[in-house]
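Read through the structure below, which is laid out as structure tokens, and then see the notes.
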2 protein chains.
Amino acid sequence: MPFRLDTRKTDFSTSFQALLAMKREAAADVDHAVAAIIADVKERGDAALADYSLKFDRVTLGPQGARIPREEVEAALTRCDPKVVEALALAHARIVRFHERQKPRDEDFTDSLGVELGWRWRPVEAAGLYVPGGTASYPSSVLMNAVPAKVAGVPRLVMVVPTPDGVVNPLVLAAAHLAGIDEIYRVGGAQAVAALAYGTQTIAPVAKIVGPGNAYVAAAKRRVFGTVGIDMIAGPSEVLIIADKTANPDWIAADLLAQAEHDTAAQSILMTDDASLADAVEAAVTRQLASLPRQEIATASWNKFGAIILLQQIEQAITLADRLAPEHLELMCARPEALSDEIRNAGAIFLGAYTPEAIGDYVGGSNHVLPTARSARFSSGLGVLDFMKRTSILKCTPQSLASLGPAAVALGEAEGLEAHARSVSIRLDQSAHDPHRQGAHEHQS
Amino acid sequence: MPFRLDTRKTDFSTSFQALLAMKREAAADVDHAVAAIIADVKERGDAALADYSLKFDRVTLGPQGARIPREEVEAALTRCDPKVVEALALAHARIVRFHERQKPRDEDFTDSLGVELGWRWRPVEAAGLYVPGGTASYPSSVLMNAVPAKVAGVPRLVMVVPTPDGVVNPLVLAAAHLAGIDEIYRVGGAQAVAALAYGTQTIAPVAKIVGPGNAYVAAAKRRVFGTVGIDMIAGPSEVLIIADKTANPDWIAADLLAQAEHDTAAQSILMTDDASLADAVEAAVTRQLASLPRQEIATASWNKFGAIILLQQIEQAITLADRLAPEHLELMCARPEALSDEIRNAGAIFLGAYTPEAIGDYVGGSNHVLPTARSARFSSGLGVLDFMKRTSILKCTPQSLASLGPAAVALGEAEGLEAHARSVSIRLDQSAHDPHRQGAHEHQS
């Protein structure tokens, strides 16, 4: 049974606070093991990768190393259902088009003093994409992680994927092929993250690592952060549906379950001002669960973390949604745009009855890598900017330095940083003495 | 004596690698102490803050708590040198104008299928700015951290600053006043970070914490990350100057020392293709050091971490600079723009002989909070986007869902996520049966 909260009840604020504070992830203490694996890969490179692949995946890396050759990728394509490959191609094209709009613009201007200012965005030199093996090896995630990097213009895109017992999902290779991944390696776990961060004899290091993974992968990403950039560490997925009496309870139930089937730690929440809708949704969830292949997972998630929150007016959802800061927010109500405008914190918003979150997971075009665990209060979904960085540019002329310099000298002196002040004043003196020399100074030698 | 490297020498690549790998920071093991402080503030709130302020800063927080009242801020203003306040005001105005150009644009478009797509940027609901006490209490840093948040539109901006023995730098309060900080609290250390992240009886929590601090502050920021967003953890500052024979050795020396005076762990590097310039700079550094107030610090930095790298051609600097990925890069050479265009990794670039880095530290307008320790390979300086987050928006019509739905169903089934597929197909069936109903579904109750 999901939690039932009611804004009319006196204990509502306490119950809602408890819902917010609920821990859905058991922190696995794998940090020591991960530290040892990383140190080993840093030290022994490919030899360490070979050992771990044999130990964890029962895979022997041949003399050519972990690289999956192009022919193997192309062969995998022929083993895929053409209908699914076509769906992937549609998804890919839409994700590309959406993300192309995210390319940032450079800035370059000269102010009234003659100072040239601006910045430029450049892609990182190489990015690594972690893809889990086994049942969580999702081709859609390959697209969602790879496309923003390609659109950003990253010249080298590397994928690592464990292949337990030699098995790799051919659709994952198909997605990698579609997305234009440059190199694919059959390694996983903390060892793969270490190889991407520090490089081995056959794998050149990258500057940024993204992609989901288990506790070992997450711990490894935390550890290599600083040496490389990482994306957010994703927690269990979650959806908040805000619905009024205009909504179809069967559709709401289907969407709550689409979230719940991900993981027993996933969370599905409904907020509604209609008590009878709440009851109808709960009944529909029970009915739909009966025939669901991942019934066990979805039931565990719904019973343990699911919640139905009854509102007095639909507008109460605004404050509550902002406090929850859901990864996914579906608005199935009369005026979804009006409600959406009022909400500050959400990873992605799905408007109206005909926009199930699953559309956004696959083919909408927006990214499905989104902030979880209330981090939508301060962070964004994955995008093109995650694979670029900004360099600011400044250029003074002798005249503009003469205008700005005295203020810089005053501040340097006030902060007790005399060498800062002198690095400005030495130029002011020089340019006062010889105003016609503009940077071409022959030193005495 | 600084390191001397020469690209003509056979051991150059080893020496350069050693320079890259050099650890400049001793990792202070304060994590246990910090964890205890955070837990205590989370538990006891203001009472814990009062205890730590007494213990670490010898300050008694009165019954009104840690808040510095507006009158005290205004009184501080009258104690500041008007010339410095004027310089701060100039800096503030220029930083505002530069950052206003960073405001991101929202996107909203309808594609050929009738799907509405886009995103919107919203400021975080509240941001906290940590300001160190004592000699590292820099008013310029208050501006650099606060202005991007204000420009982003953050409605509540909170500053914390320790006041050892009750002393606060009046210029820091003046900068806070100029920048429009909403609340100022006289607390510091890990306890201040905890108060910002979790809130106390008198300090409401924020969503993002930025600003420099000592090892305790850095460890506390790492620990509360996830509960709130944080900026990068800044390492010791660094400059790379690339200069050819047109450059003035005295100016180069002044800029190297402006960096070195920050901290004994700061790093100043010169790359040049002119051996006699290299010698002249080294001599000028020695000469200028003699009269520098922070001589001891600058000498330690220059002798321990300074380096002069001799190139065969100036173009060699491009690859080397990209590997160093310096926080600050000064180009004092004949065609600085041409060289600048070729370089991928740098936090900020200062072009030409008349742009000492100190101008960027204070009054240029660009931000002086920049990526250190080679992280310019994957990250950017502080900016408006650090105080905003993006929410993606998706809306399908019955018709566009009918076009896109089958591909989503195919992908959901291929990934073994049947409930995902069903959340789409349930709507396709319904809309096939009743194509005129567009979201107004009365449920049976």
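Chain identifiers are assigned alphabetically (A, B, ...) following the order of the sequence lines, protein sequences preceding nucleic acid strands; residue numbering begins at 1 within each chain.
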Looking at B:K208, B:R97, B:E125, which has the largest count of heavy-atom pairs under 4.5 Å with chain A?
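It is B:E125.
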Scored by heavy-atom pairs under 4.5 Å with chain A, the best of B:V228, B:L331, B:L88 is B:V228
Please evaluate residues A:R94 and B:L113 with respect to the criterion side-chain contact (heavy atoms from CB on, under 4.5 Å), reporting the C-alpha separation (whole Å), side-chain torsions for both, the decisive distance (0.1 Å), and the verdict.
CA-CA 11 Å; A:R94 293 185 58 86; B:L113 298 177; 3.5 Å; yes
With only heavy atoms counted, which part of [X] is less than 4.5 Å from chain A, the side chain, the backbone, both or neither?
{"X": "B:R105", "value": "side chain"}
{"X": "B:P139", "value": "both"}
{"X": "B:Q102", "value": "both"}

Please classify the contact between [X] and chain B as side chain, backbone, both or neither, with a heavy-atom cut-off of under 4.5 Å.
{"X": "A:D255", "result": "both"}
{"X": "A:A376", "result": "backbone"}
{"X": "A:L394", "result": "both"}
{"X": "A:E107", "result": "side chain"}
{"X": "A:L90", "result": "side chain"}
{"X": "A:D111", "result": "side chain"}
{"X": "A:M332", "result": "side chain"}
{"X": "A:P406", "result": "neither"}
{"X": "A:I343", "result": "both"}

Distance alone, cut at 3.5 Å: any donor-acceptor contact between the side chains of [X] and [Y]?
{"X": "A:R120", "Y": "B:S340", "result": "yes"}
{"X": "B:R422", "Y": "A:S291", "result": "yes"}
{"X": "A:E415", "Y": "B:S140", "result": "yes"}
{"X": "B:R374", "Y": "A:T227", "result": "no"}

Identify the two heavy atoms, one from B:A254 and one from A:I426, that lie closest to each other, and give their separation to 0.1 Å.
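In this case the closest contact between B:A254 and A:I426 is CB-CG2, 4.2 Å.
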Whether B:H420 and A:H262 hold their rings parallel, tilted or perpendicular, with breakpoints at 30° and 60°
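Judged by the thresholds at 30° and 60°, the geometry between B:H420 and A:H262 is perpendicular.
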